[in-house]
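Below you'll find the structure, written out as structure tokens, and then a few comments.
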Amino acid sequence: MNLAELNSGEKGVIINVKGYGSFRKRIMEMGFVKGQLVEVVKKRPFHGPAEYNVMGYHVSLRPSEAYLIEVITQEMAAEMPEQPFEGIIDKDKLKISINNEGKNISVAFVGNPNCGKTSLFNFVSGAREHVGNYSGVTVEAKYNSYSYYGYNFNLVDLPGTYSLTAYTPEELYVRKHIFHNNPDIVVNVIDASNLERNLYLTSQLIDMDIKVIIALNMYDDLENSGAVLEIDKLSRLLGIPIIPTIATKGKGIPDLFSKIIDVYENRDPNVRHIHINYGKELEQSIRVIREQIKQDKKMMVAMSPRFLAIKLLEQDGHAIRFVSKHETSKEVLKTAYKEISRIEELLHEKGEAIITDAKYGFISGALKETLKVGKSKRWLHTNAIDKVLTHRFFGMPLFFTFMFLMFFSTFQLGSYPMGWIDAGVGVLNQFLKVTLPQGMFNDLITDGIINGIGSVLVFLPNILILFLFISFMEDTGYMARAAFMMDKIMHKIGLHGRSFIPLIMGFGCNVPAIMATRTIRNRTDRLLTILITPFMSCSARLPIYILFIGAFFPNNPTLVLIGLYLTGILLAVITAHFFNKTLFKSKEAPFVMELPPYRLPSTKSIVKHMWDKSAQYLQKVGGVILIAVIIIWALGYFPQNTKNSSELTSRLVEINLQISVASDELQQNNLTIQLNEIQNQVKREQLENSYLGRIGHFIEPIIRPLGFEWRTGIALLSGIAAKEVVVSTIGVLLQSESGNGTGDNRLVMRLREIKHDHGSAIGQPVFTPVTALAFLLFVLIYFPCIGVVSAIAKESGRWRWAFFMVGYTTTAAWLVAFFVNQIGSRLF
Ligand code: GDP
Ligand code: MG
């Protein structure tokens, strides 16, 4: 609701003041600030100005101005929670504490990709958003808050963008955010070692006539290079305060926030609105269009007329759409087109190009006066390193060596702590089994929960090692090089380098990877990337690989592990190629790959990254996996009676009796072994007869040709929730297999021992290296987990694609496993 909609006598509480620059400033000075109560004293007919009472003053506003002041009713305001803001500032989800008003400052971080916005945001607010040394890491706005000097800052971290033309999704996103959410202050984060390019965005912010502060980030780089910048002078030239910062170390952040307060309270002497001079002809056109815009009060107050005029000269689609929503749109657009053709005739160039040139001219002029360029050591180093790492011949082998090292460490180094955790879980399980009273509760805790959770928990070290490598690659900037080297190959399959980053992120988790495709401009490219991402083997599948590789391929684990990942990549390539030929015929879009300078990652950021990953993993273990474990256990536990149970029980009693009268130790031992065997048989029969067993048998015919049996089927089915659940399900299912306590990995033993219990293969092991391989490939390819399926639906905008992917992947998995099993079992 806006103020213009209120009638005489009604009251409202202000929640937002839109508009820009001087208008906004004036209206706020009059007392129209967030949280204030306004009363409509008198409204006049025929859109005349109305009289309002705010802070005890009577003020008159035109409807076009009142329209920009958003209000809510007093009742709604009273219902507002009074805690400090956390969440999104917009009218639907408003959570501002009204009492605390005036002390709330909304701040948006805007800047080029990879200039340190997220680092700054994280440092200030204690958030843990993903940071990486390549562009396109942040794809949507992140919100958080921060308190300083009695002010509450509502911060938003926006995706990186080079410009504010409405050309890429992220540019549009940032621009829309600035217009619709009207942050009180925009913090323009700038990479100090790359001023010229970064200031281009600043020049666009200047046109918009909003309150901007520059965070001159990576100031350490600037200083190290020996460059000297006269900050104060540059600040005066731009009319924008500049604060040097080092986001990773938190340097300069208190100054930045003090400055935000100063600017917000209009206390900073350097703040002024400057006009970049676009040259005589263009300035004349701007003037003509601006005059036309000013005829329409509504249009004039909603957006800076100069900015709008410039955007119209650039033929910016969104500016045109904005204008067409207004009454005088015809006149304004007509004037604009007339001016555009005049300019083009006169200067033989498009308005857009002239404006860009003028902006760069302005920037280089400003820098010439203030910057003494040093020798950027960072780039010297970077170039030297790149000579080796992206070498024409050695680049790729080095990349693969690095990959080998990554998987080798993941498997080999991880196996030590894995053994310790496994032993610990075993001891705990045994202890509880004895101490807790016998019965269903005991079974649930030990056979169910500890068994299931324990079997997944042991893989935490492996996951951590994998992420250690990934975050090292990301933070140093090597990941961007990998993308660069892959660009050629990506082109061959009809994609380009931009798709590579999301794909690499897919090795961590497919869900953020699919979200990261938002940086891809071309829609079909984007969809294609979304559809092949699930073939990137995510870290949730790692526990399954490690378990099975440990059990069946102990001689060359690293190779098998790499083989699986490569198979995934190969399938992605084939799929992309196939889709490109059939579903979409995408055109190649030109693309420039960013190669940021190499940076030494800070231990802190790596430790933090790994800590976050373990927290996420543990959360998953305590959440989805725990629930799945309990369900699987219960389905396997009930019903309790089996058809042979009475017979087996009587044999048990019999043997027990024999043990008690057995004379020598040998006989006693033999009987104990028999006893264990029968006890296990009871459990096995009970499991087979349970609900879970019935489900397993029901689906068995489908997976029999792959060499799998009913228990394997259940494990695969349970993996739909999350892939780790496959392992915990196997843990629960196999607890009745003997494989007891010998060696340090009980589950591995059990996997080797489990036998077919019916059908033609009865008595033979379920898993041979061939069926194990078929199983691993099936796991790699089949049904992406529920989270991924819904991410596909959300990001592609159609459920149809999500269902399609479920069918496509599962069919592919079946076919691959089928051929591996059929061919493999004939060969070996
Ligand atoms: P964003 O894309 O703008 O969000 O940038 P990120 O916050 O993801 O940071 C990009 C890279 O720059 C990361 O590798 C950071 O560790 C690094 N970085 C951020 N701020 C600084 C800084 O002030 N100095 C240095 N040397 N590196 C920084
Ligand atoms: Mg970011």
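Read the numbers this way: they start at 1 and go in the same order the structure lists the ligands and their atoms. On a predicted model such as this, the values are computed, not experimentally measured, just so you know.
Checked against the 6.0 Å centroid threshold, Y565 and F507 count as a close aromatic pair. A centroid separation of 6.0 Å or more is found between the aromatic rings of F257 and Y151.
Considering backbone and side-chain atoms together, N114 places an N or O closer than 3.5 Å to an N or O of ligand 1. On a distance-only criterion, G116 and ligand 1 share at least one N/O pair closer than 3.5 Å. Ligand 1 has no nitrogen or oxygen under 3.5 angstrom from a nitrogen or oxygen of D157. For a threshold of 3.5 Å applied to N or O pairs, the pair formed by C115 and ligand 1 contains at least one separation below that value.
The side chain of D220, and not its backbone, has at least one atom closer than 4.0 Å to an atom of ligand 1 (non-hydrogen atoms only; side chain from C-beta on). Here N122 has no heavy atoms under 4.0 Å from ligand 1, in either its backbone or its side chain. Contacts between K249 and ligand 1, counted as non-hydrogen atom pairs separated by less than 4.0 Å, are absent for every part of the residue.
Considering every non-hydrogen atom in both I231 and P244, the closest pair reads CD1-CG, 3.6 Å. Considering all non-hydrogen atoms of both residues, L201 and G111 come closest at CD2-CA, 3.5 Å.
With a 6.0 Å cutoff to the six-membered ring centre and a 45° limit on the axis angle, K613 counts as a cation-pi contact of F467.
Listed by number with element, the atoms of ligand 1 under 4.0 Å from a non-hydrogen atom of A247 are 20 (N), 22 (C), 23 (O). Taking every non-hydrogen atom of N217 and a distance limit under 4.0 Å, the qualifying atoms of ligand 1 come out as 20 (N), 21 (C), 23 (O). For ligand 1, the atoms lying closer than 4.0 Å to a non-hydrogen atom of S119 are 6 (P), 7 (O), 9 (O), 15 (C), 19 (C).
With a 4.5 Å cut-off on side-chain heavy atoms, D191 and N112 do not count as touching. For the pair Y219/L216, a side-chain contact is recorded, criterion being any heavy-atom separation below 4.5 Å from C-beta on.
Residues N154 and S145 have side chains that never bring a donor and an acceptor to within less than 3.5 angstrom of each other.
Taking all heavy atoms of T118, D221, I246, V110 into account, the minimum distance to atom 4 (O) of ligand 1 is reached by T118.
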